[in-house]
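Single-structure report; data block below.
Each chain gets a letter, A, B and so on, in the order its sequence line appears, and its residues count up from 1. Source: prediction; values computed, not measured.
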Amino acid sequence: MKRQILKADFFNRPVLRIAPDLLGKFLVRKKGRREIAVMITEVEAYDGTEDKACHASKGRTPRTEVMFGPAGYFYIYLCYGMYWMLNVVTGPKGYPAAVLIRGIIPNLRTSDVRRLNGPGKVTKELKIDKRFNALPARPDTGLWFEDRGVMVEEKNSKKTPRIGVSYAGPVWSKKKYRFVLLGESTKKRT
DNA sequence: ACGATGATGAAC
DNA sequence: TTCATCATCGTA
């Protein structure tokens, strides 16, 4: 099976290009000997200081600092006091943007193609917390992304408004910055 | 429909 | 230092 680790250059692009590209890619978590790979099925883009839904719209703060840094680093924060949100920072450098990982399929190998919908469930499943904040997405940190040959055509995904961002106002809350993989229909690349 | 639960940023 | 808010989720 082809396994291509997504490098910094993958993330050093506009966030609205990267977010749909992450559908069908794999998030890999290594804990001790165990290596868990899950397929990404749902993401959201948060795009710069203009985007009122993006935390960086408040400006540069201790929390949002990592989003202003280089692409390919994790931005992780606690939401509602109990759920860790996993984001990966995107480029270009100095421009604060990130992709929130909202949904996965934990295991494709078995016939159990159960989906895990919800960013809090993703981090719970993979045992991700603030320890990963500001760390790069690389195997040596224990958390990274891979292309494993799953091809996602535009027909197989949809764009919708983001979840839980009504506070962002009528313009930004309606932007279709959420990308969802439809069904279980995926195809292997040759 | 609602409460759990704590970091965050802004106001004072 | 206090306060409202929150990129959610399980239970009802």
> Between A/D129 and A/R131, is there a side-chain N and carboxylate O pair less than 4.0 Å apart?
Replying inline: yes
> What are the 5'-most and 3'-most nucleotides of DNA chain B lying under 4.0 Å from any heavy atom of chain A?
Replying inline: B/dA4 to B/dA10
>> Please verify the inter-ring angle class for A/F132 with A/F74; under 30° counts as parallel, over 60° as perpendicular, anything in between as tilted.
In response: perpendicular
>> In this structure, how many angstroms lie between the C1' atom of C/dT5 and the OH atom of A/Y77, rounded?
In response: 13 Å
> Among C/dG10, C/dA7, C/dT8, which is the nearest nucleotide to the side chain of A/N87?
Replying inline: C/dA7
> In whole Å, what is the span from the CH2 atom of A/W172 to the C1' atom of C/dA7?
Replying inline: 15 Å
>> Just to be sure I understand the geometry, which residues of residues 46-61 of chain A put a non-hydrogen atom under 4.0 Å away from DNA chain B?
In response: A/K58, A/T61
>> By the 4.0 Å heavy-atom rule, please label A/M85 as base, sugar-phosphate, or nothing.
In response: sugar-phosphate
> What does A/R162 touch in the nucleic acid at a heavy-atom separation under 4.0 angstrom: a base, only the sugar-phosphate, or nothing?
Replying inline: nothing
> Is the aromatic ring of A/Y83 within stacking range of C/dT8, meaning centres under 5.5 angstrom and planes under 30 degrees?
Replying inline: no
>> I need the OH-C1' distance between A/Y75 and C/dA7, as an integer number of Å.
In response: 9 Å
>> Between A/D47 and A/Y95, is there a side-chain donor-acceptor contact under 3.5 Å, judged purely by atom types and distance?
In response: yes
>> Pair A/E146, A/R148 - check salt bridge (Lys or Arg N to Asp or Glu O under 4.0 Å), show working.
In response: CA-CA 6 Å; A/E146 287 184 8; A/R148 293 193 169 188; 2.7 Å; yes
> So how far is it from A/L126 CG to A/W84 CH2, rounded to the nearest 0.5 Å?
Replying inline: 15.5 Å
> Would A/E65 and A/R60 pass as an ion pair if we require N to O under 4.0 Å?
Replying inline: yes
> Which range-with-range stems can be found for DNA chain C when each stem has 3 or more Watson-Crick or G-U pairs in a row and both distances sit under 3.5 Å?
Replying inline: B:1-4 with C:8-11, B:6-11 with C:1-6
> Rounding to a whole Å, what distance do you find between A/R115:CZ and C/dC9:P?
Replying inline: 15 Å
> Separation of A/L78 atom CG from C/dC6 atom P, in whole Å?
Replying inline: 15 Å
>> Quick check: A/Y77 with A/Y75 (ring centres under 6.0 Å apart)?
In response: yes
> Once you round it to whole Å, what is the distance between C1' of C/dT11 and CE of A/M82?
Replying inline: 12 Å
> Within 45 degrees of the axis of the six-membered ring of A/F11 and under 6.0 Å from its centre: does A/R13 put its NZ or CZ there?
Replying inline: no
>> For C/dT8 and A/R102 - does any side-chain N or O of the residue sit under 4.0 Å from the phosphate oxygens OP1/OP2?
In response: yes
> Quick one: A/K174 NZ to C/dA7 C1', roughly how many Å, whole number?
Replying inline: 19 Å
>> Counting only side-chain nitrogens and oxygens, does A/Y167 get under 4.0 Å of the OP1 or OP2 atom of C/dA7?
In response: yes
> Would you say A/L6 and A/W144 make side-chain contact, with heavy atoms under 4.5 Å?
Replying inline: no
> When we call it a touch if two heavy atoms are under 4.0 Å apart, what does A/Y177 touch: a base, just sugar-phosphate, or nothing?
Replying inline: nothing
>> Minimum heavy-atom separation for A/H55 and A/T64, please, with both atom names.
In response: O-CG2, 3.5 Å
>> As a test of reading the structure: which of C/dC9, C/dT8, C/dA7 is closest to the side chain of A/K121, going by heavy atoms?
In response: C/dC9
>> For the residue pair A/R162 and A/Y46, would you count it as a cation-pi contact if the rule is NZ or CZ under 6.0 angstrom from the ring centre and within 45 degrees of the ring axis?
In response: yes
> If you count the non-hydrogen atoms of other residues, nucleotides and ligands that lie under 6.0 Å from CD in A/Q4, is the total more than 12?
Replying inline: no
> Please give, in whole Å, the distance from C/dC9 P to A/E125 CD?
Replying inline: 13 Å
